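Remarks on the structure that follows.
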Number of protein chains: 2
Amino acid sequence: MLSIPSYYPKQISFPKGQGVFPVNTIYSKSFFKPKSKAETKVIAAKKHSDSERRRRMRINGQYATLRTVLPNLIKMDKASVLAETVRQVRELKRAVAEVEAACRHGDSDECVLPGGVDKLSLEQCDGEQEGLVKATLSCGDRPGLISDMTRALSSVKGRLVRAEMVIVGGRSKNVLWIQGLGDGKEGMVALRRALKVVIDRPIFAGLRKRFHLPQ
Amino acid sequence: MLSIPSYYPKQISFPKGQGVFPVNTIYSKSFFKPKSKAETKVIAAKKHSDSERRRRMRINGQYATLRTVLPNLIKMDKASVLAETVRQVRELKRAVAEVEAACRHGDSDECVLPGGVDKLSLEQCDGEQEGLVKATLSCGDRPGLISDMTRALSSVKGRLVRAEMVIVGGRSKNVLWIQGLGDGKEGMVALRRALKVVIDRPIFAGLRKRFHLPQ
DNA sequence: AGTAACACGTGAAGC
DNA sequence: TGCTTCACGTGTTAC
């Protein structure tokens, strides 16, 4: 534990100019072009220590940010800040993994019905309506499933005229009626492909990849 | 970017013992009790630089751990490691918050049915069975809801003899028949209190508190 | 007192 | 070559 020492740089602690030679921030305003060996050395040293100070400030700035991002990090020394960060990051990753697992197949005792198989079928409705297609898809329910379906539909030409959806036992069954796909089979193909993506998308695929979560 | 310099401490870089006076790890095995000013000074300096080295090792050890915990941190200099950590931690927190929000009320377009109000009602079954109580509770579905109910039931005296559960539209309706609560109304009161907790529990309350998530 | 944490400047090494 | 990053030892401050 630490109570933020006062010797922490309040601002930019500017050069004290205590060198033997006149040295300023621009590192060489000397009019004598042929600088002496000693002078160049001092200038280089100054430059060096300056950039080192900048580096320290960069690092300490990130420490400061880190302290604001995660709780309970203020008043901790650097080593503890890092250790606590590691701990909390692990916890966060575990949390995400757990939530994901919970959303994927619900609680174990919640699986009263057999898992079922993901299915997708398209069907041309010959009847009163012209060019009406009925799409039936069933898959595991997940947050964002309907959003994904909406997005998929907006990527094809037709428009949704009716929908029936039911979620039970952690699975989702959806029947969609789409009109105006076009005459050829291109519309059907595109629709099938788009909906296939929705069905096949793993839950939180992005999260899993981004943070190297298990499974 | 950085390609892991070779001057990284391979192992414990032990004292080189280059001082004017014999100095070892125990910092003073000198037989001459009245240590000279100079000697104590050197010993103190050694001690100081040693503890500083230990501090550095502590910090660098945590950097190493951090590099293994989060992806894409290897081959990054310290400042970038911290910056990337900040970025990824923010992303993780956002992810948890999003998932939580998604699980809390589903996607906005998923709310085709009115949200409904959380309800809990207990009812004494007068009939063939002795001391049978029917509890009906409906609330928003969430991961762990059934676990919570199970826990709640295990905390009261009676035992579950029958249950009906249905989840639709992100909401969960549950009817539980409990037997052996006891004759008085204490059993009913306890059961109601336990189930009330289940209904009122916010989703992922723990996560939210632990990581200071918004809302 | 003595310990712990920090900033600083410097030499070394890699690109 | 210069620029960057690091480890190191030291001076300083706080408890």
Side-chain angles (χ1 to χ4, degrees), chain A residues 1-21 23-28 35 37-64 66-67 73-84, chain B residues 1-21 23 25-28 33 35 37-64 66-67 73-84:
Chain A
M1 303 294 179
L2 188 73
S3 64
I4 305 177
S6 63
Y7 51 81
Y8 238 89
K10 313 96 187 69
Q11 265 296 345
I12 308 107
S13 75
F14 259 106
K16 302 128 201 163
Q18 50 172 355
V20 186
F21 300 94
V23 177
N24 57 27
T25 353
I26 327 176
Y27 296 127
S28 173
K35 304 185 207 46
K37 284 280 185 190
E39 189 180 0
T40 37
K41 204 167 176 183
V42 170
I43 292 176
K46 173 100 197 66
K47 218 167 170 177
H48 185 35
S49 74
D50 263 18
S51 81
E52 179 63 15
R53 178 173 17 258
R54 276 194 298 273
R55 173 177 168 272
R56 277 195 302 266
M57 284 175 59
R58 263 201 320 276
I59 293 179
N60 287 333
Q62 297 299 341
Y63 271 106
L66 202 51
R67 278 185 241 257
L73 256 54
I74 13 173
K75 305 185 64 169
M76 266 192 179
D77 62 285
K78 296 186 176 180
S80 308
V81 164
L82 296 183
E84 253 297 295
Chain B
M1 300 298 175
L2 188 74
S3 65
I4 307 180
S6 62
Y7 50 80
Y8 239 90
K10 314 98 186 68
Q11 264 298 346
I12 308 108
S13 76
F14 260 105
K16 303 128 200 162
Q18 49 173 353
V20 187
F21 300 94
V23 177
T25 354
I26 326 178
Y27 295 129
S28 173
K33 277 292 149 65
K35 305 182 204 55
K37 285 278 183 189
E39 188 179 1
T40 36
K41 205 169 176 183
V42 170
I43 292 177
K46 175 99 198 66
K47 216 167 169 179
H48 185 33
S49 74
D50 264 18
S51 82
E52 177 63 14
R53 175 169 22 254
R54 275 194 299 272
R55 173 177 169 273
R56 277 195 301 268
M57 284 174 60
R58 261 199 327 268
I59 294 178
N60 287 333
Q62 297 299 341
Y63 271 105
L66 203 51
R67 283 189 169 99
L73 256 53
I74 12 171
K75 306 183 67 166
M76 266 192 180
D77 63 285
K78 294 186 176 181
S80 308
V81 164
L82 295 183
E84 253 297 296

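Predicted, not measured: the structure shown is a model, and the values here were computed from it. Note on naming: letters A, B, ... go to the chains in the order of the sequence lines (proteins, then strands), and numbering restarts at 1 for each one.
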Q: For D/dC8, take OP1 and OP2 only and decide whether either is under 4.0 Å from a side-chain N or O of B/Arg56.
A: yes
(Q) Looking at C/dC6, I'd like to know if its phosphate oxygens (OP1 or OP2) sit under 4.0 Å from a side-chain N or O belonging to A/Lys78. (A) no
In whole angstroms, how far is the [atom2] atom of [N] from the [atom1] atom of [X]?
X: A/Lys47; N: C/dG9; atom1: NZ; atom2: P; result: 17 Å
X: A/Arg54; N: D/dC6; atom1: CZ; atom2: C1'; result: 16 Å
X: B/Asp77; N: D/dC6; atom1: CG; atom2: P; result: 5 Å
X: A/Met57; N: C/dC6; atom1: CE; atom2: C1'; result: 15 Å
X: B/Met76; N: D/dT5; atom1: CE; atom2: C1'; result: 15 Å
X: A/Asp50; N: C/dT10; atom1: CG; atom2: P; result: 11 Å
X: B/Lys46; N: C/dG2; atom1: NZ; atom2: P; result: 18 Å
X: A/Ile59; N: D/dT4; atom1: CD1; atom2: P; result: 14 Å

Q) Mind checking what makes side-chain contact (heavy atoms from CB on, under 4.5 Å) contact with B/Ala83, not counting sequence neighbours? A) A/Gln62
Q) By side-chain contact (heavy atoms from CB on, under 4.5 Å), which residues pair with A/Arg55, not counting sequence neighbours? A) A/Glu52, A/Arg58, A/Ile59, B/Lys78
(Q) Looking at the base of C/dC6, is there any donor atom on it, or on the side chain of B/Glu52, that sits under 3.5 Å from an acceptor on the other one? (A) yes
Q: Would you state whether a donor and an acceptor, one from the side chain of A/His48 and one from the base of C/dG11, lie under 3.5 Å apart?
A: yes
Q. Taking 4.0 angstrom as the limit, do A/Arg53 and A/Asp50 come out as a salt bridge?
A. yes
Q) Want to settle it: does A/Arg58 or B/Ala45 sit nearer the 5' end of DNA chain D, counting the closest nucleotide to each? A) A/Arg58
Q: Would you kindly compare B/Ser49 and A/Arg55 by the position of their nearest DNA chain D nucleotide and give the one closer to the 5′ end?
A: A/Arg55
Q. Quantified as the angle between the terminal helix axes (five pairs each), what is the overall bend of the helix from C/dG2-D/dC15 to C/dC15-D/dG2 to 10 degrees?
A. 0°
